[in-house]
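The structure under discussion appears below in the form of structure tokens.
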Amino acid sequence: MPELPEVETVRRGLAGLVTGRRIEHVGVLHPRPVRRHLAGPDDFAVTLTGRTFAEPARRGKYLWLPFADGDALLAHLGMSGQFRLDAPDAPLAPNTRVLLDLDDGTQLRFVDQRMFGGLSLSPGGAALPAEVAHIGRDPFDPAFDVAAVGRRIRSRRTGIKRALLDQQVVSGIGNIYADEALWLARTHYARGTWTLSAAKAVEVLTAATTVMRRALAAGGTSFDALYVDVNGSSGYFDRALAVYGQEGRPCPRCGTAIRREPFMNRSSYRCPRCQRSPVATARAA
DNA sequence: ACGAGCTCCTGCTTGC
DNA sequence: TGCAAGCAGGAGCTCG
């Protein structure tokens with residue numbers, strides 16, 4: 001599942017491959033991934049053709065490929081989105097949704113099994129697409145203010161994991177890195193945000209930054225074929241996960257068996273010893 | 001305004 | 001064996 005480190009890995013891959021390239025032809029194989037382009041798939045194809053890519057940018061899990069004319073191709077990988085660069089005559093991977101033929105004879109392909117992600121044209125979005133402006137800065141942003149975000153978290157009446165997953169508070173963190181960060185900071189997912197000290201709030205955010213920086217260095221996390229970089233390679237960070245997906249395995253810190261618990265209709269993984277149930281728990285968290 | 005829950009999607013895994 | 005339910009979950013949306 002692509003979170004910030006995976007999206008940044010993809011961005012870096014695209015930067016070296018599409019920057020300066022002109023789109024010669026666009027093929028939309030499935031309408032859903034371009035659903036946010038309200039004028040429809042045909043218009044999407046026509047309006048992109050002839051444009052030239054500048055260097056790809058990212059905030060949180062959003063990725064966009066600016067055009068030299070000031071617009072941008074906005075992309076979100078959702079749960080299973082991938083960008084692949086292939087020869088036009090290479091066999092299509094399953095679930096290939098959009099094809100962009102580039103002027104150097106390569107073909108940029110958007111592949112997405114579950115189609116939670118998608119592509120759209122963002123008018124004037126080269127610097128920061130309007131569709132992205134509502135989310136908070138991510139921890140890799142030079143202007144990220146950890147103390148200010150910590151204050152905002154403490155002002156809430158919710159559980160810490162919900163706050164970490166709220167992209168308007170801090171972007172880029174998904175279920176995997178939320179669990180890893182909370183383990184690193186020895187904090188239970190349901191701990192009430194208002195009960196955190198200023199230092200603890202910063203500690204949790206710093207932990208999230210740390211685990212994502214490590215994951216980025218490893219080329220991202222992958223459990224299966226759903227996340228790959230532009231060359232089709234998986235990352236290696238799954239070998240370094242302390243708790244996520246590790247139910248029954250020993251906590252790397254104390255050896256206690258990791259527990260999986262239902263949370264937000266999904267799963268949370270924690271060490272029952274390092275991350276004790278909080279005295280103050282957010283209601284329904 | 002804020003917090004919480006629902007929904008969209010496909011394909012692999014699990015259970016009867 | 002076959003079918004259905006369970007599970008994976010980002011983010012826009014609705015509702016209280």
Side-chain angles (χ1 to χ4, degrees), chain A residues 1-8 10 28-38 58-64 74-83 92-98 110-120 122 129-136 138 149 151-181 189-195 208 212 220-228 234 238 241 243-248 260-269 280-285:
Chain A
M1 304 54 175
E3 301 179 28
L4 190 156
E6 293 74 39
V7 178
E8 175 62 15
V10 170
V28 179
L29 307 185
H30 195 296
R32 181 157 177 85
V34 298
R35 65 193 177 282
R36 293 187 70 180
H37 187 83
L38 300 180
R58 181 194 55 74
R59 175 176 286 187
K61 304 169 200 170
Y62 278 97
L63 175 68
W64 65 96
L74 179 64
H76 198 293
L77 302 180
M79 286 193 54
S80 52
Q82 305 172 4
F83 277 109
L92 292 182
N95 307 307
T96 300
R97 309 303 189 187
V98 180
F110 184 70
V111 181
D112 191 1
Q113 177 198 100
R114 295 174 198 168
M115 297 188 289
F116 277 32
L119 308 176
S120 63
S122 178
E131 299 89 337
V132 181
H134 70 288
I135 73 169
D138 64 63
V149 174
R151 283 194 295 273
R152 181 151 179 215
I153 286 175
R154 295 174 64 220
S155 75
R156 294 211 151 196
R157 300 289 297 183
T158 189
I160 181 60
K161 185 171 176 180
R162 285 181 185 276
L164 288 178
L165 293 175
D166 186 337
Q167 304 298 299
Q168 301 191 51
V169 174
V170 50
S171 65
I173 303 171
N175 204 36
I176 298 171
Y177 297 115
D179 280 3
E180 293 297 307
Y189 56 82
R191 173 83 180 269
T193 49
W194 67 95
T195 72
M212 292 197 294
T221 297
S222 181
F223 313 95
D224 49 38
L226 284 186
Y227 162 71
V228 294
S234 297
D238 55 320
L241 292 174
V243 290
Y244 186 87
Q246 307 299 309
E247 183 179 20
R260 180 174 76 91
E261 294 166 347
F263 176 77
M264 293 172 73
N265 285 325
R266 290 175 174 81
S267 293
S268 271
Y269 296 87
T281 300
R283 185 171 52 85

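The sequence lines fix the lettering, A, B, ..., with proteins before strands; numbering per chain opens at 1. Since the model is a prediction, treat every value here as computed from it, not as a measurement.
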Subject >> Rounded distance in Å - CG (A:L165) to P (C:dG10) >> reply: 7 Å

Subject >> Reading 5' to 3' through nucleotides 7-12 of chain B, protein heavy-atom contacts under 4.0 Å coded B for base, S for sugar-phosphate only, - for none >> reply: BBBBS-

Subject >> Set of residues satisfying side chain to side chain donor-acceptor pair (under 3.5 Å) with respect to A:E131, sequence neighbours excluded >> reply: A:S122

**OP:** List the atom of A:L165, the atom of A:N175, and the distance in Å for their closest heavy-atom pair.
**Re:** CD2-N, 3.7 Å

Subject >> A:R156 side-chain N/O to B:dG3 phosphate OP1/OP2 under 4.0 Å >> reply: yes

**OP:** Report the residues that fulfil side chain to side chain donor-acceptor pair (under 3.5 Å) with A:E8, sequence neighbours left out, ordered by chain and then residue number.
**Re:** A:R11, A:R12, A:R58

Original post:
To the nearest Å, how far apart are A:F263 CZ and B:dG3 C1'?
Top reply: 12 Å

Subject >> Degree of bending in the helix from B:dC2-C:dG16 to B:dC16-C:dG2 once both end axes are built from five pairs, to 10° >> reply: 60°

**OP:** State whether the side chain of A:E3 and the backbone N or O of A:G174 hold a donor-acceptor pair below 3.5 Å, judged by distance alone.
**Re:** yes

**OP:** Return each pair, listed once, that meets salt bridge (Lys or Arg N to Asp or Glu O under 4.0 Å) where at least one residue sits in residues 164-173 of chain A; pairs must be two or more places apart or across chains.
**Re:** A:R156-A:D166

Original post:
Expressed in angstrom and rounded to an integer, what is the separation of A:L119 atom CG from C:dG10 atom P?
Top reply: 19 Å

Original post:
Roughly how many Å is it from CE in A:M264 to C1' in C:dG10, rounded to a whole number?
Top reply: 10 Å

Original post:
With A:K161, which residues qualify under salt bridge (charged side-chain N to carboxylate O under 4.0 Å, His left out), at least two apart?
Top reply: A:D179

Original post:
Given atom CD of A:E261 and atom P of C:dA8, what is their separation to the nearest angstrom?
Top reply: 13 Å

Original post:
Which residues pass the salt bridge (charged side-chain N to carboxylate O under 4.0 Å, His left out) test with A:R260, sequence neighbours left out?
Top reply: A:E247

**OP:** With the side chain of A:Y62 defined as its heavy atoms from C-beta on, choose the nearest nucleotide among C:dA8, C:dG12, B:dG3.
**Re:** C:dG12

Original post:
In Å and rounded to the nearest 0.5 Å, what is the OG1 to CZ distance from A:T193 to A:R157?
Top reply: 7.5 Å

Original post:
Excluding sequence neighbours, so at least two apart, what forms side-chain contact (heavy atoms from CB on, under 4.5 Å) with A:L29?
Top reply: A:L92, A:T96, A:L99

Subject >> Euclidean distance, atom CZ of residue A:R162 to atom P of B:dC6 [Å, nearest integer] >> reply: 11 Å

**OP:** For the pair A:R152 (side chain) and A:V149 (backbone), establish whether a donor and an acceptor sit closer than 3.5 Å, ignoring hydrogens and angles.
**Re:** no

What does the list of N/O pairs under 3.5 Å between the protein and nucleotides 13-16 of chain C look like, with a distance for each?
none

Subject >> Approximate separation, where rounding is to 0.5 Å, of A:E180 CD and A:M212 CE >> reply: 12.0 Å

Original post:
Does a side-chain N or O from A:R157 land closer than 4.0 Å to OP1 or OP2 of B:dA4, or not?
Top reply: no

**OP:** Return the value, rounded to whole Å, for the distance between atom CG of A:L4 and atom P of C:dG10.
**Re:** 13 Å

Original post:
Does A:R152 make a side-chain N or O approach to OP1 or OP2 of B:dA1 shorter than 4.0 Å?
Top reply: no

Original post:
Between C:dA8, B:dA4, B:dG3, which nucleotide gets closest to the side-chain atoms of A:T158?
Top reply: B:dA4

**OP:** Check side chain to side chain donor-acceptor pair (under 3.5 Å) between A:S120 and all other residues, then give those that pass, not counting sequence neighbours.
**Re:** none

Original post:
Does C:dA8 have OP1 or OP2 sitting under 4.0 Å from an N or O in the side chain of A:S267?
Top reply: yes

**OP:** Would you mind reading off the distance between A:I153 atom CD1 and B:dC2 atom P, rounded to a whole angstrom?
**Re:** 14 Å

